[in-house]
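Convention: sequence-line order gives letters A, B, ...; per-chain numbering from 1. Everything quoted here is computed from the prediction, not taken from an experiment.
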Amino acid sequence: MDRPPSPAPLTRQAPSVLHVDMDAFYAAVEQQHKPSLRGKPVVVGGVGLRGVVSTASYEARAFGVRSAVPTALARRLCPNAAYLYPRFAAYHAVSTVVMQLLRELSPLVEPVSLDEAFVDLAAMPDGAPRDIEQVRGIAEELRSRIARRTGLTASVGGGTSKLIAKVASDAQKPDGCVIVPVGGELDWLDPLPVRALWGVGPATADRLRKIGVGTVAELRVLTESDLVGLLGTAWGGMLFRLARGMDARAVEPERPTKSISAEDTYPHDLADRAAMRAAVTQLAERVVRRLRSAGHTGRTVTVKARGHDFTTVTRSETFGAPTDDERLVVEAAIRLLDDAVPAATASSTGIRLLGVGISGLADYAQGDLVAELARLERALGAAEARAQAGAGDGGAPGDGEAGTGFAEPNPAGPDGEPPPGAGAGAAAAHGESGPAVPAVTLFGPVPVDRAARRWLAGQDVRHAQRGPGWVQGAGVGRVTVRFEGPDTGPGRIGTFRADDPDLEPLDAGEVAREALRSRQSPA
DNA sequence: TCTGGGGTCCTAGGACCC
DNA sequence: TCTGGGGTCCTAGGACCC
């Protein structure tokens with residue numbers, strides 16, 4: 001078929017994205033730790049009745065054992081393999097070493113999992129590589145460093161995008177190194193099955209197969225609207241571009257956690273209510289423990305139940321405010337369980353899996369709070385210094401009201417435009433003199449009375465009116481007092497438990513007022 | 001051979017508000 | 001009184017990745 005003229009529109013001038021993929025990682029770590037396993041088939045995964053394989057060593061793959069194969073089948077295919085339960089702590093330790101080596105190369109590293117990462121060589125401190133030979137040299141040097149430090153092999157792919165780098169790292173596994181030259185992208189992609197494209201799984205491959213599309217080259221026959229019609233807006237458009245080697249996704253070093261969950265498949269179906277409640281309680285406790293140790297709170301609890309025939313159902317519930325209270329999460333999980341189980345067992349009896357998850361994580365992290373406060377102090381200090389240098393007279397907003405508690409709304413400032421969402425009179429607390437009054441966001445199920453509202457009306461309030469959980473009765477979760485001002489940027493003053501029995505109902509306003517006053521009083 | 005556990009992202013419908 | 005459209009949030013399910 002006709003091929004559109006190469007090269008595809010690409011932005012990079014060199015194949016500066018690397019994809020590093022450790023070979024048969026879990027199995028390789030086990031072989032490294034236990035020399036008697038070297039050269040022998042090793043299978044790491046669930047070893048129980050309903051387990052599946054996580055990783056098979058290359059020796060085991062020769063027998064047809066690969067990831068996601070049920071362990072029961074694997075044992076039949078390869079009875080002489082060593083079957084090992086995963087030891088994540090060990091894999092984590094090795095992974096840390098590898099990721100550190102990558103970061104020594106370039107600060108822009110995006111871990112995909114314990115055994116995989118993208119590295120953006122364009123961010124190398126000593127200058128980005130300019131041609132393919134330089135990239136090849138860097139990649140080979142990296143591979144030998146990894147081998148020296150860990151005793152393990154990695155396959156590395158390089159290209160002008162994540163897509164190409166990933167395809168390249170797969171091309172000569174294990175222990176391979178392939179760099180795709182600029183302009184050579186389509187030659188690599190064309191013969192590959194569509195499954196090789198990131199995001200094309202069994203379902204999409206099946207739909208494409210039904211219309212006669214099996215390879216990437218064949219995929220390019222379809223128009224964008226064909227694909228959008230087939231797969232929806234987001235996917236259709238994405239796949240249309242991927243098929244042309246167009247992939248503008250950046251290497252993103254830090255992606256915030258969105259949810260935390262735990263689930264168990266039971267070797268034998270659970271049948272009675274008491275056992276299910278006990279199981280879901282244990283799962284909820286596990287999740288809360290991990291939530292807390294990550295320094296997070298969350299708003300939405302989800303319970304998952306899978307019946308004997310694999311019918312899978314989820315039920316969720318959202319609190320008015322984020323929490324990490326174990327009791328609340330357990331209670332919600334049990335409520336949800338009672339709704340989910342009948343749905344999951346509608347067409348068969350018994351529950352094979354239960355899970356509990358928390359999402360809607362708040363950006364509250366205990367460990368960060370101190371650093372955050374220090375950063376805010378500096379920002380406010382700088383704003384104050386600028387303001388005082390600029391305008392002789394002080395009279396910081398907020399200062400004068402210290403005695404009465406709540407300010408009357410400030411008159412609108414000269415620079416007009418109240419921020420979006422600002423209440424009446426909220427405009428321009430940063431007037432002609434004095435430091436900017438930071439905007440304040442309050443959220444949490446805190447009863448806020450009229451005095452607090454009046455006080456807020458005098459602030460540069462951006463989000464308060466629409467914050468989730470704003471003015472709710474239940475004593476759940478935490479209150480975060482944040483501000484965002486033109487000179488300070490967004491930040492938090494502090495986070496306080498709203499369900500602390502020692503705190504008075506007015507805490508949100510009180511806390512904000514106190515915090516601002518203590519930071520804004522002129523020295 | 002009955003199919004893990006940790007996640008992410010997208011879609012679609014309904015509620016609710018403006 | 002009837003009608004409407006947009007935006008956001010919540011819920012449920014599904015596809016996908018390692």
Side-chain angles (χ1 to χ4, degrees), chain A residues 19 21-22 24-26 43-55 64-77 85-86 88 91-92 95 111-117 162 166 169-170 195-207 228 231-239 249 252 255-267 269 283 286-287 290 294 299-320 336 339-340 343-344 348 352-361 420-421 465-470:
Chain A
H19 181 252
D21 196 343
M22 301 296 293
F25 185 56
Y26 297 174
V43 177
V44 180
V47 294
L49 281 177
R50 285 170 165 170
V52 299
V53 173
S54 290
T55 310
V65 178
R66 22 191 64 92
S67 300
V69 165
T71 306
L73 172 61
R75 286 186 194 277
R76 227 156 302 157
L77 294 170
Y85 195 78
F88 287 103
Y91 314 147
H92 202 275
S95 178
V112 178
S113 61
L114 286 180
D115 66 328
E116 237 183 85
K162 284 179 162 181
K166 179 116 171 68
S169 73
D170 260 344
R195 277 302 308 265
L197 295 181
W198 193 90
V200 178
T204 305
D206 216 52
R207 297 169 86 166
V228 167
L231 307 169
T233 322
W235 261 114
M238 180 74 171
L239 199 52
R249 291 172 299 167
E252 289 183 88
R255 309 182 57 189
T257 305
K258 302 274 175 65
S259 66
I260 293 176
S261 66
E263 62 185 56
D264 279 334
T265 292
Y266 303 98
D269 291 349
L283 289 164
R286 236 152 82 190
V287 165
R290 285 170 45 204
R299 281 187 72 215
T300 302
V301 178
T302 302
V303 162
K304 175 160 135 184
R306 177 170 289 159
H308 180 78
D309 68 353
F310 232 71
T311 302
T312 306
V313 148
T314 63
R315 292 291 182 268
S316 65
E317 183 180 313
T318 300
F319 297 137
L336 293 164
D339 192 15
S348 67
R352 61 152 49 222
L353 170 146
L354 289 174
V356 174
I358 300 188
S359 55
L361 302 188
Q465 275 78 5
R466 314 248 338 154
W470 173 247

Report yes if some heavy atom in the side chain of [X] is under 4.5 Å from a heavy atom in the side chain of [Y]; otherwise report no.
| X | Y | result |
| --- | --- | --- |
| A:Tyr91 | A:Met22 | no |
| A:His19 | A:Glu116 | yes |
| A:Leu239 | A:Val200 | yes |
| A:Arg286 | A:Asp264 | yes |
| A:Leu354 | A:Tyr266 | yes |

For the pair made of [atom1] in [X] and [atom2] in [N], what is the distance, rounded to whole Å?
| X | N | atom1 | atom2 | answer |
| --- | --- | --- | --- | --- |
| A:Glu317 | C:dT11 | CD | P | 8 Å |
| A:Arg249 | B:dC9 | CZ | P | 12 Å |
| A:Ile358 | B:dG6 | CD1 | P | 13 Å |
| A:Glu252 | B:dT8 | CD | P | 13 Å |
| A:Arg195 | C:dC18 | CZ | C1' | 12 Å |
| A:Arg75 | B:dT3 | CZ | C1' | 16 Å |
| A:Trp235 | C:dC17 | CH2 | P | 7 Å |
| A:His92 | B:dG6 | NE2 | P | 14 Å |

Select base, sugar-phosphate, or nothing to describe what [X] touches, counting heavy atoms under 4.0 Å on all strands.
| X | value |
| --- | --- |
| A:Val69 | nothing |
| A:Ser67 | nothing |
| A:Ala74 | nothing |
| A:Leu197 | sugar-phosphate |
| A:Thr204 | sugar-phosphate |
| A:Thr302 | nothing |
| A:Gly46 | nothing |
| A:Val200 | sugar-phosphate |
| A:Ile260 | sugar-phosphate |
| A:Leu49 | sugar-phosphate |
| A:Leu353 | sugar-phosphate |

For B:dC18, the Watson-Crick or wobble partner whose two distances fall under 3.5 Å:
C:dG5
With DNA chain B as reference, determine whether A:Arg306 or A:Arg255 sits nearer its 5' end, using the nearest nucleotide of each.
A:Arg306
Return whichever of A:Pro70 or A:Tyr266 has its heavy-atom-nearest nucleotide of DNA chain B closer to the 5' end.
A:Pro70
Nearest of [options] to any side-chain atom of [X]?
| X | options | result |
| --- | --- | --- |
| A:Leu73 | B:dT11, B:dT1, C:dC18 | B:dT1 |
| A:Ala234 | C:dC18, B:dC10, B:dG7 | B:dC10 |
| A:Thr318 | B:dT8, C:dC18, C:dT11 | C:dT11 |
| A:Pro202 | B:dG6, C:dT11, C:dC16 | C:dC16 |
| A:Glu263 | B:dG6, C:dG13, B:dC10 | B:dG6 |
| A:Ser259 | B:dG7, C:dC18, B:dG6 | B:dG7 |

Phosphate-side-chain proximity, [X] and [N], N/O vs OP1/OP2 below 4.0 Å:
| X | N | value |
| --- | --- | --- |
| A:Ser54 | C:dC18 | no |
| A:Ser316 | C:dA12 | yes |
| A:Arg299 | C:dC9 | no |
| A:Thr314 | C:dG13 | yes |
| A:Lys304 | B:dG4 | no |
| A:Lys258 | B:dC9 | yes |
| A:Ser261 | B:dG7 | yes |
| A:Ser113 | B:dG7 | no |
| A:Arg315 | C:dG13 | yes |
| A:Arg352 | B:dG4 | yes |

Nearest-Å distance once atom C1' is located in both B:dC16 and C:dG4
15 Å
Basic-acidic side-chain contact under 4.0 Å: A:Asp269, A:Arg50
yes
Taking the six-membered ring for Trp, does A:Phe310 stack with B:dT3 (centroid gap under 5.5 Å, planes within less than 30°)?
yes
Do A:Arg352 and A:Thr265 have a side chain donor and acceptor closer than 3.5 Å?
no
With under 30° as parallel and over 60° as perpendicular, where do the rings of A:Tyr26 and A:Phe88 fit, or are they tilted in between?
perpendicular
